[in-house]
Amino acid sequence: KSTYARWIHANGPRSENPFVEVNCSAIPEHLIESELFGHEKGAFTDAQNAKIGLFEAADQGTLFLDEIPSLSLTAQTKVLLAIENGIIRRLGGTKEINVNIRIIAAANQDLRKMIESGEFREDLFHRLDLLRINIPELKTRGPDILPLAKHFLSDLSKKYKLPIPKISESSEVYILNNEWP
């Protein structure tokens with residue numbers, strides 16, 4: 001997912017501006033607002049200095065929100081307001097900060113089902129669902145998996161300035177027959 005997001009950023013009109021990536025599931029709920037929107041000095045016990053958030057850090061660029069379904073409904077509401085208004089306010093702050101960002105969001109769950117069960121905001125879904133790219137699981141790729149493996153092997157070899165190794169016949173069979181859980 002992150003590779004796709006980086007490619008979209010690098011090949012779009014915001015490529016000269018920041019690309020900021022956040023895995024929403026890796027941030028504890030009590031820190032999510034501070035991480036996304038920043039905080040002012042003294043906003044909470046450990047806030048000894050002001051800190052910009054990821055929305056502000058991505059200004060004029062791209063913010064990639066990976067695992068967006070892991071955000072609480074409260075955090076989803078704040079993200080929705082930031083998207084709709086293009087304005088954020090740091091935790092503990094009163095100043096409105098304008099942000100102009102492209103959001104790329106990724107989910108490994110069906111957001112429509114989460115909307116039905118009340119776990120994801122429908123209005124946020126519609127704000128984010130302007131262009132959808134479905135990335136099939138490796139196990140559904142069938143014979144396409146071998147050219148993919150060769151492509152990534154070639155890219156990594158070039159990146160690390162190594163000769164491109166040949167995939168043995170037994171490795172090809174293994175790659176093609178693996179279930180890729």
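These numbers come from the heavy atoms of this one structure, side chains and all, not from hydrogens, waters or symmetry mates. In what follows, residues are counted from 1 in the order of the sequence shown.
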Next item on the list: Quick one: closest heavy-atom pair of D144 and P147, and the distance?
Entry: O-CD, 3.2 Å

Checklist line | Within-4.5 Å side-chain heavy-atom neighbours: I8 and I133 | finding: yes

Checklist line | Beyond-backbone contact of S157 with P163, side-chain heavy atoms, under 4.5 angstrom | finding: no

Next item on the list: For S15 and A10, work out which heavy atoms get closest and say how close.
Entry: CB-O, 3.3 Å

Note to self: Contact between V22 and F64 at the side-chain level, heavy atoms closer than 4.5 Å - yes or no?
What the structure shows: no

Notebook entry, point to check: Hey, what do you get for CD1 (I27) to OG (S70), rounding to the nearest 0.5 Å?
Noted result: 8.5 Å

Checklist line | Exercise: identify the closest heavy-atom pair between I101 and A58 | finding: CG2-O, 3.1 Å

Check: Taking the side chain from E56 and the backbone from N98, do they hold a donor-acceptor pair closer than 3.5 Å?
Finding: no

Checklist line | Check: D59 side chain, N100 main-chain N or O, donor-acceptor pair, under 3.5 Å | finding: yes

Next item on the list: Give a yes or no on whether a salt bridge exists between E179 and K139, defined as a side-chain N under 4.0 angstrom from a carboxylate O.
Entry: no

Margin query: Looking at I175, is its backbone amide N or carbonyl O close enough to the side chain of W180 to form a donor-acceptor pair, meaning the two atoms are under 3.5 Å apart?
Written below: yes

Margin query: Quick one, T3 and W7 - any side-chain contact, counting heavy atoms below 4.5 Å?
Written below: no

Next item on the list: Starting at CD of E33, measure out to OG of S72 and round the result to the nearest 0.5 Å.
Entry: 9.5 Å

Next item on the list: Evaluate the criterion side-chain contact (heavy atoms from CB on, under 4.5 Å) for residue pair E119 and K113; output intermediate values, then yes/no.
Entry: CA-CA 9 Å; E119 298 172 88; K113 288 181 182 175; over 6 Å; no

Notebook entry, point to check: In Å, rounded to the nearest 0.5 Å, how long is the span from OG of S34 to CD of E40?
Noted result: 10.5 Å

Check: For F44, does the CZ atom have more than 12 heavy-atom neighbours from other residues, nucleotides or ligands under 6.0 Å away?
Finding: yes

Check: Any sub-3.5 Å donor-acceptor pair from H39's side-chain atoms to N49's backbone N or O?
Finding: yes

Notebook entry, point to check: Could you state the interatomic distance from CZ (R127) to CD (E122), rounded to the nearest 0.5 Å?
Noted result: 13.0 Å

Note to self: Grouping I, L, V, M, F, W and Y whenever their side-chain heavy atoms are under 4.5 Å apart, do L148 and V173 come out in a common cluster?
What the structure shows: no

Checklist line | Note, L63 side chain near R102 side chain (heavy atom, < 4.5 Å) | finding: no

Next item on the list: Answer yes or no: is there a side-chain heavy-atom contact under 4.5 Å between Q109 and M114?
Entry: yes

Notebook entry, point to check: So, for F37 and R90, which heavy atoms are closest and what is the spacing to 0.1 Å?
Noted result: O-CG, 3.2 Å

Check: Should E67 and K1 count as an ion pair when the cut-off is N to O under 4.0 Å?
Finding: yes

Checklist line | Under 3.5 Å donor-acceptor, T77 side chain and L73 backbone | finding: yes

Check: Knowing that exactly one of I104, L128, L36 qualifies, which makes a side-chain contact (heavy atoms from CB on, under 4.5 Å) with L65?
Finding: L36

Checklist line | Nearest heavy atoms of I68 and F120, plus distance in Å | finding: O-CE1, 4.0 Å

Notebook entry, point to check: Going by an N to O cut-off under 4.0 Å, is there a salt bridge joining E172 and K150?
Noted result: yes

Checklist line | Polar side-chain atom of N178 near backbone of Y174 as donor-acceptor pair, under 3.5 Å | finding: no

Notebook entry, point to check: Would R89 and K95 satisfy side-chain contact (heavy atoms from CB on, under 4.5 Å), going step by step from the backbone distance to the final call?
Noted result: CA-CA 6 Å; R89 186 178 298 141; K95 180 182 163 197; over 6 Å; no

Next item on the list: Output yes when E21 and R6 qualify as a salt bridge under the 4.0 Å nitrogen-oxygen rule, no when they do not.
Entry: yes

Item checked: Pairwise side-chain contact, L124 with I83, heavy-atom cut-off 4.5 Å (strictly under) -> yes

Notebook entry, point to check: Any side-chain heavy atom of C24 within less than 4.5 Å of one from D66?
Noted result: no

Margin query: Tell me the closest heavy-atom pair linking P18 and H9, and the distance in Å.
Written below: O-CE1, 3.4 Å

Margin query: Check whether Q76 reaches the backbone of L71 with its side chain - one donor and one acceptor, N or O, closer than 3.5 Å.
Written below: yes

Notebook entry, point to check: Which distance, rounded to the nearest 0.5 Å, do you find between the NZ of K166 and the OG of S171?
Noted result: 10.0 Å

Check: Short question: side chain of N85, backbone of I87 - any donor-acceptor pair under 3.5 Å?
Finding: no

Notebook entry, point to check: Could you state the interatomic distance from CD1 (I145) to CG (N177), rounded to the nearest 0.5 Å?
Noted result: 11.5 Å

